[in-house]
Asker: 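Quick one: the structure is below, and I'll ask about it shortly.
Please read these numbers as outputs of a predicted model, since none were measured by experiment.
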Amino acid sequence: MRSLDELIAPLQAIRGLQSKLLGPFEVNGRKYFLPRFTFRDRKADEPIRIGIFGAIHGDEPAGAHAISRLLTDLMAQPELGENFEIHGYPVCNPTGFEDNTRCSREGRDLNREFWKLSPSPEVQILENELRTQHFRGLIQLHADDTSEGIYGFVRGATLTANLLRPALHEAGRILPRNNNALIDGFAARDGMVYEVYEGVLAAPVEVEPLPFEIILETPQLAPMDLQVAALNAALKTILKEYRGMVSFAQNI
């Protein structure tokens, strides 16, 4: 059984990194929380708020480790997060993470239940975050055991593809890109998919302006360290590119 405490303890020990346990909720008489860690550029008056979500499928731990790596890097090199407030949710499915199962311990695929009046407390907690945190961008980290390369889904703001494209390029230096014309049952081009399953974690339909929404998928059978490194490279590229886009728009 994996230990959630072992994953988050190093993050909780980082001075200056804000942490909060969201919940609690109870499963089989045991209390669980969703951990949230926040990096904030203290020099920014109105930082750009981004939410990054990992391990919503409990058997895909690379995303959890990549979020931990990114937050650690941001605290060590704050310039990487200039103008940002990053909310990292490394483990969105704690019981599935412990059990190494895709679904929660109650047998639910949490990433098919958003905005459907789900009874799952994990989904309810995350929906509240999505309603109240006013994110400018949402990034999900997943792994696909049927893919031999990294790829991504894009949705939301029209600029989203312009963020994913360079992110896949940088990640492709570490892992191959999936360039198939059909990925996970959807039409794809250059490793980018423009449709997603119903019920995935997403911004509320009423939110304005639309945030960018990216789902990154590593090849699950690749070595864990390479998956984490590729996701880390992709995340840093997304932050860099989006900061540049915002700066350009402000100067027009």
Asker: Taking atom CD of E208 as the centre, does the number of heavy atoms from other residues, nucleotides or ligands within less than 6.0 Å exceed 12?
Answerer: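 Result for CD/E208: open.
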Asker: Taking the six-membered ring for Trp, are the ring centroids of H87 and F39 within less than 6.0 Å of each other?
Answerer: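 Between H87 and F39, the centre distance exceeds or equals 6.0 Å.
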Asker: Between atom CZ of R36 and atom CG of L11, what is the distance when rounded to the nearest 0.5 Å?
Answerer: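 Rounded to the nearest 0.5 Å, the CZ-CG separation comes out at 14.0 Å.
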Asker: Do L21 and I67 sit in the same hydrophobic cluster, where Ile, Leu, Val, Met, Phe, Trp and Tyr count as joined when their side-chain heavy atoms come under 4.5 Å apart?
Answerer: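 In one cluster with L21: I67, yes.
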Asker: Tell me whether Q227 contacts the main-chain N or O of A222 through its side chain, where contact means a donor paired with an acceptor under 3.5 Å.
Answerer: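 Pair found, side chain donor or acceptor close to backbone of A222.
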Asker: So if you build clusters from Ile, Leu, Val, Met, Phe, Trp, Tyr with side-chain heavy-atom gaps below 4.5 Å, do L231 and V154 land together?
Answerer: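 In one cluster: yes.
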Asker: Mind checking whether S19 and P35 have side chains closer than 4.5 Å, heavy atoms only?
Answerer: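 S19 vs P35: side chains apart.
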Asker: Can you tell me if NZ on K116 sees more than 12 non-hydrogen neighbours from other groups inside 6.0 Å?
Answerer: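 Above 12, so yes.
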Asker: Decide whether R40 and Q18 meet the rule of one side-chain donor and one side-chain acceptor closer than 3.5 Å.
Answerer: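 Checked: R40/Q18 side chains show no N/O donor-acceptor pair below 3.5 Å.
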Asker: Do I14 and L71 come close enough that some side-chain heavy atom pair is under 4.5 Å?
Answerer: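 In short, these two side chains do not touch, never coming nearer than 4.5 Å.
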Asker: Do the non-hydrogen side-chain atoms of P47 and F84 ever get within less than 4.5 Å of each other?
Answerer: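 A side-chain contact under 4.5 Å is absent here.
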Asker: Between W115 (side chain) and V200 (backbone), is there a donor-acceptor pair under 3.5 Å?
Answerer: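 A pair under 3.5 Å: no.
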Asker: Mind running side chain to side chain contact (heavy atoms under 4.5 Å, CB included) on R177 and H169 for me, showing each step along the way?
Answerer: CA-CA 8 Å; R177 188 190 307 192; H169 176 76; 4.0 Å; yes
Asker: Take R102 and D109, measure what salt bridge (charged side-chain N to carboxylate O under 4.0 Å, His left out) needs, and give me the verdict at the end.
Answerer: CA-CA 7 Å; R102 175 183 177 90; D109 185 336; 3.1 Å; yes
Asker: Say whether I48 and M245 are linked into one hydrophobic cluster, either directly or through other cluster members, by side-chain heavy-atom distances under 4.5 angstrom.
Answerer: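 I48 clusters together with M245.
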Asker: Tell me, do D59 and Q220 make a side-chain contact under 4.5 Å, heavy atoms counted?
Answerer: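 Yes, at least one pair of side-chain atoms sits under 4.5 Å.
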Asker: Hey, mind stepping through L216 and L164 against side chain to side chain contact (heavy atoms under 4.5 Å, CB included) and telling me if it holds?
Answerer: CA-CA 9 Å; L216 290 166; L164 179 59; 3.6 Å; yes
Asker: Would you kindly confirm whether F37 and Y89 end up in one hydrophobic cluster when ILVMFWY residues are joined by side chain heavy atoms under 4.5 Å apart?
Answerer: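 In one cluster with F37: Y89, no.
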Asker: Taking all atoms of both residues into account, what is the closest heavy-atom pair of A161 and Y194, and its distance?
Answerer: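 Scanning both residues completely, I find the closest heavy atoms to be CB-OH, 4.0 Å.
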Asker: Would you say I86 and T38 make side-chain contact, with heavy atoms under 4.5 Å?
Answerer: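 No - every pair of side-chain heavy atoms lies 4.5 Å or more apart.
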Asker: Check for a donor-acceptor pair, side chain of S120 on one end and backbone N or O of E122 on the other, with a separation under 3.5 Å.
Answerer: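 Not at all, since once roles are kept as given, no pair shorter than 3.5 Å links the two residues.
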Asker: Can R136 and V246 be said to form a side chain to side chain contact (heavy atoms under 4.5 Å, CB included), step by step?
Answerer: CA-CA 11 Å; R136 297 274 294 277; V246 171; 3.9 Å; yes
Asker: Just checking, is any N or O donor in the side chain of N100 or R2 under 3.5 Å from an acceptor N or O on the other one?
Answerer: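 Judged by distance alone, the side chains do pair up.
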Asker: Determine the minimum heavy-atom distance between L7 and P10, stating which atoms define it.
Answerer: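 Scanning both residues completely, I find the closest heavy atoms to be O-CD, 3.4 Å.
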Asker: If we ignore hydrogens and angles and just use 3.5 Å, is the side chain of T132 paired with the main-chain N or O of N128 as donor and acceptor?
Answerer: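 The answer is yes, because a donor-acceptor pair under 3.5 Å joins these two groups.
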Asker: Which atom names give the shortest non-hydrogen contact between N180 and A188, and what distance separates them?
Answerer: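 In this case the closest contact between N180 and A188 is O-CB, 3.6 Å.
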Asker: For atom NZ of K236, is the number of surrounding heavy atoms from other residues, nucleotides or ligands below 6.0 Å larger than 12?
Answerer: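 Yes, because the 6.0 Å sphere around NZ of K236 holds more than 12 heavy atoms from other groups.
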Asker: Below 4.5 Å, heavy atoms only, C-beta onward: do M192 and L168 meet side chain to side chain?
Answerer: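 Of all side-chain heavy-atom pairs linking L168 with M192, at least one is under 4.5 Å.
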Asker: Using a strict threshold of under 4.0 Å (side-chain N to carboxylate O), is an ion pair present between D190 and R165?
Answerer: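 No, this pair does not count.
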Asker: Does T237 reach the main-chain N or O of A167 with its side chain, forming a donor-acceptor pair under 3.5 Å?
Answerer: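 It does not hold such a pair.
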Asker: Please output the side-chain donor-acceptor pairs of residues 137-152 that fall under 3.5 Å, not counting sequence neighbours, one pair per line with the distance.
Answerer:
from, atom 1, to, atom 2, distance (Å)
Q140, OE1, N111, ND2, 3.4
Q140, OE1, H142, NE2, 2.6
Q140, NE2, L201, O, 3.1
H142, ND1, H57, ND1, 3.4
H142, ND1, E60, OE1, 3.0
D144, OD1, T146, N, 2.8
D144, OD1, T146, OG1, 2.6
D144, OD2, T146, OG1, 3.4
D144, OD2, Y151, OH, 2.6
S147, OG, G149, N, 3.2
S147, OG, G149, O, 2.6
S147, OG, N178, ND2, 2.9

Asker: Check this for me: E6, atom CD, are more than 12 non-hydrogen atoms of other residues, nucleotides or ligands nearer than 6.0 Å?
Answerer: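 No, the 6.0 Å shell around CD holds no more than 12 heavy atoms from other groups.
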Asker: Starting from the C-alpha separation in whole Å, work towards a yes-or-no answer on side chain to side chain contact (heavy atoms under 4.5 Å, CB included) for I50 and F212.
Answerer: CA-CA 9 Å; I50 305 294; F212 71 80; 3.9 Å; yes
Asker: State, to 0.1 Å, how close G81 and L74 come at their nearest heavy-atom pair, and which atoms those are.
Answerer: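 Scanning both residues, the minimum pair turns out to be N-CD2, 3.5 Å.
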Asker: Does L182 CG have over 12 foreign heavy atoms under 6.0 Å away?
Answerer: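 For L182, atom CG is crowded (more than 12 foreign heavy atoms under 6.0 Å).
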Asker: Compare all side-chain heavy atoms of T72 with those of R69 and state whether any distance is below 4.5 angstrom.
Answerer: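 Not touching, per the 4.5 Å side-chain cut-off.
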Asker: I'd like to check L130 versus P204 (side-chain heavy atoms, cut-off strictly below 4.5 Å). Are they in contact?
Answerer: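 L130 vs P204: side chains touch.
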Asker: If you round to the nearest 0.5 Å, how far is CG of L235 from CD1 of I214?
Answerer: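 I214 atom CD1 to L235 atom CG measures 9.0 Å (nearest 0.5 Å).
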Asker: For the residue pair E113 and E127, what are the closest heavy atoms and their distance?
Answerer: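 The answer is O-OE2, 4.1 Å.
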Asker: Distance check, rounded to the nearest 0.5 Å: F25 atom CZ versus K31 atom NZ?
Answerer: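 Between F25 CZ and K31 NZ, I get 12.5 Å after rounding to 0.5 Å.
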Asker: Give me the ring orientation class for F97 and H65: parallel if the planes are under 30° apart, tilted from 30 to 60°, perpendicular past 60°.
Answerer: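 Tilted.
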Asker: Hey, does the side chain of S104 reach the backbone of G96 with a donor-acceptor pair shorter than 3.5 angstrom?
Answerer: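 Not at all, since once roles are kept as given, no pair shorter than 3.5 Å links the two residues.
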Asker: So which atom in P90 and which in A55 form the shortest heavy-atom distance, rounded to 0.1 Å?
Answerer: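 Nearest pair, atom of P90 first, then A55: O-CB, 3.5 Å.
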Asker: Answer yes or no: are there more than 12 heavy-atom neighbours, outside E79 itself, under 6.0 Å from its atom CD?
Answerer: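 Yes - once you tally the heavy atoms of other residues, nucleotides and ligands closer than 6.0 Å, there are more than 12.
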Asker: Is the positively charged end of R112 above the ring of Y197, judged by distance under 6.0 angstrom from the centroid and angle within 45° of the axis?
Answerer: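 Here R112 passes the 6.0 Å and 45° test against Y197.
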Asker: Atom SG of C92 and atom CG of L126: how far apart are they, to the nearest 0.5 Å?
Answerer: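 Those atoms lie 4.5 Å apart.
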Asker: Starting at CZ of R243, measure out to CD1 of I238 and round the result to the nearest 0.5 Å.
Answerer: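 Between atom CZ of R243 and atom CD1 of I238 there are 12.5 Å.
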Asker: Is any NZ, NE, NH1 or NH2 atom of the basic residue among E98 and R30 found under 4.0 Å from an Asp or Glu carboxylate oxygen of the other?
Answerer: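 So E98 pairs with R30 through a salt bridge.
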Asker: Can you check whether N83's main-chain N or O pairs, donor with acceptor, with D41's side chain at less than 3.5 Å?
Answerer: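 Confirmed, D41 side chain pairs with N83 backbone.
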Asker: Using 0.5 Å steps for rounding, measure from the CG atom of L4 to the CD1 atom of I8.
Answerer: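 L4 CG to I8 CD1: 4.5 Å, rounded to 0.5 Å.
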Asker: Using the rule that two of Ile, Leu, Val, Met, Phe, Trp, Tyr join whenever any of their side-chain heavy atoms come within less than 4.5 Å, decide whether I52 and V91 are in one cluster.
Answerer: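 Both belong to a single hydrophobic cluster.
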Asker: Does the D99 side chain pair with the main chain of T101, one donor and one acceptor, at a distance under 3.5 Å?
Answerer: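 Flag not set: sc D99 to bb T101 has no pair under 3.5 Å.
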